[in-house]
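Since the structure comes first, as C-alpha cells, the remarks are kept for the end.
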Amino acid sequence: MSSTNTRLKSAPPSDAPSDDAALPPSERTGTQEVTGARESTATRLTGPLGMGQPEGTRTLIAPLEAGELPNVALIKGLRLDQILLLTTGLLVVLIVGLLAALSVASTQSQFEETALVSKERIQEQARELGQTVGQTIALTSATNLRDNNYAFLEEVAGSIVKTNPNILRVQIFDPDGVRMADSEGGGAEKEDAAPVRRAERRLVSAFYQGQPISEIQEPIDYGSSSGKGLVVISYSLGGLQKQLEALEQDKRATVRANTLRMLGLGLGFVVLAGVLVAFQSRRITRPLGMLTSKVMQLAAGNLSARAETAQGAGREVVTLGVVFNHMAERIKVLLEDVRAKAQLEREVSLARTVQETLLPGREAVQVGPLRIAGLVVTADACGGDWWFRAALDDRRVVIGIGDVTGHGLSTSLVATSATSGFASAMTLREPSQVNAQMLITALNVTLANVGRGEHQMSSALALIDVSNGYIDYAAGAHPSPLVFNKHSGQIASLPARGPLLGASVSSQFTSRQAQLRPGDVVVWYTDGLTEARDGAGKLYGTQRLAAAVQAHAHLSAEALRDAVLADARAFSAGQPQRDDITVVVAEFSPAA
C-alpha cells in the first residue's frame, strides 16, 4: 500500500450478517498474493459480471514442446512395399489360376463336344449301313422266306458278317419272332427267352460278347399273312470306343500341357510382377519414408525440416510433400505467434500485478465512524477501473474512483498512472490546502499528459471529514453516487458535473459540498454495473441498483458491496461481462 494511505487500518470484522460466505472463492479472497503482499481487489472473473471462477494468467506452451516423441519402433505391421508385393502376387496368382481353370474347362468342353459329334456320326453311319443291309436282305430274302429256304438265308447272313468287320451278327426273324437265320448258325428256332421284337425300323443299344453294340432292326415284307419279318444287325461300337478312348487320352494330354503352360506363365507373371512392384513400390515408399523422417524431425522441434519434391511417386505423394512443407511453414509462423502471445501474456500479468499492488485491499477499513469497502471486477486480464482510499490528515479521508475508456493493457496502464497520479496529487500541497477541485484538476492534468489526448477517463472523488460528516466532492462525466439513509429510508445522490478527464489540460472542474447524516451509506460505482445486461438485453440500471442498496442497507459496508455485485450477477446470469465493474461503499455511523 502506498505511503499516502498507511494511516488507514483494516476495520475489524462487522457483526452484521454478510453475504460474503455465499460468494465464489474468487470474490471472497481476491487474486493471488503478489510477492507475499496483501490481497488485491482487482479481480478477473469469467462468469457474468465477473462472478464465476477466476481465470489465471497462463503461459502457452508450444505444441512441439508438449511431450516426448512416440517410439515408432514399437509400431508393428508390414511395410508398404511388402503389402504391395504381397497383394500383387496374390492378385497375379488368382488371375493365373482363373485362366488355368478356364483353359481346362474350355479344353474339356471341346473334347466332349468332339466325342459327342464322333459318336453321333458313327451311330448315323451304323444306322445307314444297317438300313442298307437290311433293305438288301429284305429284297433278296423275301422269296427264300416264303419258301423256307433257311440255308440260303444263313449263307447270306454269314457273307455279310465276313465282308463287313463292324457287323458282328445278322439275324432274320419271321412275323412270329422265330429266328429263321443266324450268321452264327443254329437254324430256325423260337427264342423263348428273347424279348418280343416288333417289326419296325429302329436302333437300340445292347451288348454282345461283352462289348457294346448297336442293334439295327429293319422290317421285311415278304407277303406273309402273319405280318412282316425282321432283320436284326448287331453293329460293333468298338471303333467308336477306340476313338473315344483316343480322344480321352488326347484330352488328358492337352489339359496337362495347358496346365503346365499356365503354371509356367503364371510363375513368369509372378516374377515379373514382383520385380515391377518392387521397383514401383520403392519409387513410392522411398519418398514416403523421407517424408516420414521429415515429419519426425518437425515433431522433434526442427522447424526447418522440409520435404523434397518426389519425382515419379505419383501426384498424391507429391501433393503430400507440398502440403507438408506448407504445414511446416505455418507451424513455424504459428509457433512464433504463440511465443509472442506468451510474452504478451507475461507482460499483461506483470501489468496486472502492478495494478493490483496500487489498488486498495479487499478488506474494509474503519476511520472513526466511517467504514469503507471497495472492489474492482475486471472484464479482461487488466482493467480500466480503479479506486483509491487514503487518510489525508487526522480528520479527513479521501476516496476516489475512475473508469478509463476502453479495455486491455493500455487502459490498465492509464488506470495505474491515474491511481499513482491521484496519490501523488495529495502530496503536492499541505493537507489543509487539499480539496476536491484541486485533486480532480491535478488528476486531469496527469491523465492528459500521460494519455496525450488518446485516453479519457470518468472519475469521482470526495473528501470526507469523519468528525462531522462534511463531504467535499467533484466529478468528471462519472455516475453520481447514491446516498441512502438507514434511519429514514430516503435515497438521494451527490450530483457533480465536469468533462471527461484527459481530454485537455485546460479542462475546468468545480466541487460541491454536502453534509452526511448518521446512518448514511454512500455507494460509488462505475457504469459497468448499471450497464450490465440480462438475456433480453435489458440494462441493470440505477433503479435496480437503488433497490438493491435499499434492500441490503442493514449490512456492513463490505457485505453491502458484495450483495450489490451478487444482485448484478443474478440479473445478468449466463451473459458475459462486457465492462469492468467497481463498487465502493462508505458507511457513516457516528456514535449516538
Side-chain angles (χ1 to χ4, degrees), residues 1-2 5-31 38-43 45 49-51 356 358-378 383 385-391 397-402 419 422 460-464 466 469 471 473 479 481-486 494 516 518-526 528-529 545 548-569 580-590:
M1 191 176 294
S2 64
N5 61 356
T6 54
R7 287 172 288 181
L8 293 181
K9 305 299 182 181
S10 298
S14 174
D15 295 334
S18 174
D19 291 343
D20 188 60
L23 294 175
S26 59
E27 288 202 7
R28 293 201 304 269
T29 60
T31 56
R38 52 156 179 79
E39 294 176 347
S40 168
T41 56
T43 307
L45 303 167
L49 291 179
M51 306 306 287
E356 291 173 351
L358 296 176
L359 288 175
R362 180 190 180 95
E363 66 280 1
V365 296
Q366 187 80 37
V367 184
L370 188 66
R371 189 180 184 90
I372 307 169
L375 180 65
V376 176
V377 180
T378 60
D385 280 12
W386 62 272
W387 81 285
F388 189 83
R389 68 188 179 200
V397 175
V398 178
I399 298 175
I401 186 172
T419 307
F422 187 80
L461 53 89
L463 279 73
I464 303 176
V466 298
I471 180 170
Y473 62 95
L482 298 180
V483 181
F484 179 79
N485 189 268
K486 294 182 178 182
L494 298 176
L516 297 180
D520 275 348
V521 177
V522 185
V523 179
W524 289 269
Y525 59 92
T526 57
L529 175 65
L545 172 60
V549 171
Q550 186 176 7
H552 301 92
H554 62 283
L555 302 176
S556 64
E558 59 270 32
L560 175 58
R561 172 200 63 192
D562 295 338
V564 169
L565 289 173
D567 186 67
R569 176 194 61 192
D580 303 330
I581 297 176
T582 301
V583 176
V584 179
V585 178
E587 178 186 359
F588 183 66
S589 300

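Numbers here simply count residues along the sequence, with the first being 1. This is a predicted model, so every value here is computed, not measured.
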Between the main-chain N or O of Leu560 and the side-chain N or O of Glu558, is there a donor-acceptor pair closer than 3.5 Å? no

Which atom names give the shortest non-hydrogen contact between Asp567 and Ala548, and what distance separates them? OD2-CB, 3.9 Å

Here the pair of heavy atoms bringing Ile464 nearest to Trp524 is CD1-CH2, 4.2 Å

With side chains defined as the heavy atoms from C-beta onward, is the minimum distance between Val564 and Val523 less than 4.5 Å? no

List the atom of Ile401, the atom of Val584, and the distance in Å for their closest heavy-atom pair. CD1-CG2, 4.3 Å

Between Ala553 and Lys486, the two heavy atoms sitting closest are O-CE, 2.7 Å

Euclidean distance, Thr582 OG1 relative to Leu565 CG, rounded to 0.5 Å: 9.0 Å

Hey, is the main chain of Glu587 close enough, under 3.5 Å, to the side chain of Arg371 for a donor-acceptor pair? no

Non-neighbouring partners of Val466 that pass side-chain contact (heavy atoms from CB on, under 4.5 Å), sequence neighbours left out: Val367, Pro369, Leu370, Val397

Which pair of non-hydrogen atoms, one from Gly361 and one from Trp387, has the smallest distance, and what is that distance? O-CZ2, 4.2 Å

Say you draw a straight line from CG of Leu482 to CG of Asp520; how long is it, rounded to the nearest 0.5 Å? 12.0 Å

CG (Asp562) and CG (Leu555) are apart, to the nearest 0.5 Å, by 9.5 Å

On a heavy-atom basis, the closest approach of Tyr473 and Ala462 is CB-CB, 3.9 Å

So how far is it from Leu359 CG to Asp385 CG, rounded to the nearest 0.5 Å? 9.5 Å

